[in-house]
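To start, the structure under review is shown below, and the notes come after it.
Note that the coordinates shown come from a computational prediction; the quantities given were computed from them, not determined experimentally. Throughout, a chain's letter reflects where its sequence line sits, starting with A, and its residues are numbered from 1. Note: hydrogens, waters and symmetry copies are ignored here, and every other heavy atom, side chains too, is used.
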Amino acid sequence: GAVVSQHPSWVICKSGTSVKIECRSLDFQATTMFWYRQFPKQSLMLMATSNEGSKATYEQGVEKDKFLINHASLTLSTLTVTSAHPEDSSFYICSAMQDTDTQYFGPGTRLTVL
Amino acid sequence: KQEVTQIPAALSVPEGENLVLNCSFTDSAIYNLQWFRQDPGKGLTSLLLIQSSQREQTSGRLNASLDKSSGRSTLYIAASQPGDSATYLCAVEGAQKLVFGQGTRLTINP
């Protein structure tokens, strides 16, 4: 149990385009989902926390207009990187939490912006 | 602001050795501490979770300890195997947020 999936697993896009990444909890309802970003050989940095049906809470320094987060249902959250630029290239990982339980992590999405 | 530090950043040992990875954190007001494993280009696999009231947790060849008052945790791996090669991350949870260390890149040489 407690499986979290991400789609796509990798994506390459041109500078200026927008990219949507999906995070799904497959066998449980996630009241809270988290989005992290990881640069090569660095740790995970929390970008934002989203609760189903409400606006996401962004960490300091994260541009909310650039990284749009939608948590429309208890099993799906999406992260849209708008007008992507090469510096947005990174590994994006989501996690999902049921009530105040443990966070379960997705496999990550590798974004490369050319 | 919580800061998590892991030492060493990288470690290479021959197969069969026992080893210890270290994690320290600056704010002792934590709910729990977790150790994760991350293979290259992959997501996280949770290894052990220690609640703030606990001192240690064991799973197979892995043992994690927690000393909240001194802000330290160790992950002990017994009889290391090449399959243990990965990056090990420690993370502390406070107010429903996980703060991660930068990880220790472990290589077990056959």
### Summary
Value for CZ (A:Phe34) from CG (B:Leu98), rounded to nearest 0.5 Å, stands at 7.0 Å
### Structural part of A:Leu44 lying under 4.5 Å from a heavy atom of chain B
both
### Common cluster, A:Leu46/A:Phe105, ILVMFWY with side-chain heavy-atom separation under 4.5 Å
yes
#### Entry: Same apolar cluster (I L V M F W Y, side chains within < 4.5 Å links), A:Tyr36/B:Leu89
yes
### Query
So does A:Lys64 have more than 12 non-hydrogen atoms from other groups sitting under 6.0 Å from NZ?
no
#### Entry: disulfide (SG to SG under 2.5 Å) contacts in which one or both residues fall within residues 25-76 of chain A, not counting sequence neighbours
none
### Query
Is there any residue in residues 31-52 of chain B with a non-hydrogen atom under 4.5 Å from a non-hydrogen atom of chain A, and which ones are they?
B:Gln34, B:Phe36, B:Gln38, B:Gly41, B:Lys42, B:Gly43, B:Leu44, B:Leu49
### Query
CZ of B:Arg61: more than 12 outside heavy atoms within 6.0 angstrom?
yes
### Query
With the 4.5 Å side-chain cut-off for hydrophobic clustering, are A:Met45 and A:Val81 part of the same group?
no
### Query
Hey, is NE2 on A:His7 packed in by over 12 heavy atoms from elsewhere, all under 6.0 Å?
no
### Contact class of A:Gln6 relative to chain B, heavy atoms under 4.5 angstrom
neither
